[in-house]
Amino acid sequence: MPNNYSCSNCKNSNCLIRKHYDSESIQSFIKEKTAFRCNAEQQFILEGTPVSGLYFIYEGNVKVYRETANRESQIIRLSKDGEIVGHRGFGTNYKYDISASALSDCVLCHFPTETLIEMLHKKPELMFDFMLFYADQLQKSEANAKRFSRMSVKDKVINGLLFIYHKFGQTEGIFNITLSRKDIADFAGTAPDQVARVISSLKKEGFINAKGRKLGLAKPDELEESLGEDGYFLEG
DNA sequence: GCATTAATTGGTC
DNA sequence: GACCAATTAATGC
């Protein structure tokens, strides 16, 4: 590899490839991996495009989304270091059914489909980890579907903010991820102006920190309690 | 600093 | 609660 984004330098303990990369049997496959930089806002998977393989986030934050006919978009997942992107299309689909863009400057690793398939056959432990991963994703996506029905706009937004808080954390009271109001809206399943309203009311109640456009939670625990019994969910 | 773009607020259905 | 318009704030150059 021409750069230093090799698996041996990788610090993502949650990466499935990283976990098995010492194994002799898959060395030759790992050499086929390509790593590349992706600037913030840049799209690297376009819905409807032929599946080329699987992406792993070496570094950075990414959004996975789908665009509807009238140019509305729905964020399906927010992903960070070590996570897999494009797995829905892997194996069976000919085309990607989602789009993906970088939310920050990223480094992405890419494995061609054939390479990965051969590698999975060569290394049953890796195959097993992938199976667990897919099962977990399925479970989460079902939990996710539950959330979307019957929840007020305010709760959707609060839920989204709590999710961001838990997944990405915050430093000095500000989220470790940059999201526009539109991104938050697309993630929570509402419109940006609704998000703005909820945020401004939360600000008045002292639940939110703001630095310019960036946000953070001031009292996450209390905010979490303010959601009803079945309000909060955790997904990965 | 200024121009561009995003966020916010208010109003209407 | 969705949609639109006007104002205001933040950011990039």
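Numbered from 1 within each chain, the chains take letters A, B, ... in sequence-line order. Fair warning: this is a prediction, and the values are worked out from it, not measured in the lab.
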* Structure fact -> salt bridge (Lys or Arg N to Asp or Glu O under 4.0 Å) pairs touching residues 120-129 of chain A, sequence neighbours excluded, are Lys19(A)-Asp129(A), Lys123(A)-Glu125(A)

May I have the list of side-chain donor-acceptor pairs in residues 53-64 of chain A shorter than 3.5 Å, sequence neighbours left out?
residue, atom, partner, partner atom, Å
Tyr58(A), OH, Ser6(A), O, 3.4
Lys63(A), NZ, Asp183(A), OD1, 2.9

* How would nucleotides 4-11 of chain B be written as a contact map, 5' to 3', with B for base contact, S for sugar-phosphate-only contact and - for no contact, using protein heavy atoms under 4.0 Å? -> -BBSSBBB

* Is there a donor-acceptor pair closer than 3.5 Å between any side-chain N or O of Arg88(A) and the backbone N or O of Ile98(A)? -> no

* Pull out every residue in residues 59-68 of chain A that has a heavy atom closer than 4.0 Å to any atom of DNA chain B, ordered by number, or say none. => none

* Asked: Other than Met131(A), which residues form its hydrophobic cluster under the rule that side-chain heavy atoms must be closer than 4.5 Å?
  -> Phe128(A), Leu132(A)

* Considering residues at least two apart in sequence or located in another chain, which fulfil the side chain to side chain contact (heavy atoms under 4.5 Å, CB included) criterion with Asn14(A)? -> Asn12(A), Glu83(A)

* Structure fact -> Quick note, side-chain hydrogen bond (donor to acceptor under 3.5 Å, both in side chains) partners involving residues 201-214 of chain A, not counting sequence neighbours, are none

* What pairs of residues pass the side-chain hydrogen bond (donor to acceptor under 3.5 Å, both in side chains) test when at least one of them lies in residues 111-120 of chain A, not counting sequence neighbours? -> Glu32(A)-Thr115(A)

Could you pull out all residues at least two apart from [X] that satisfy side chain to side chain donor-acceptor pair (under 3.5 Å)?
X: His110(A); result: Ser52(A)
X: Arg66(A); result: none
X: Tyr21(A); result: none

* Structure fact -> Nt span of DNA chain C in reach of chain A heavy atoms at under 4.0 Å, 5' end first, is dG1(C) to dT11(C)

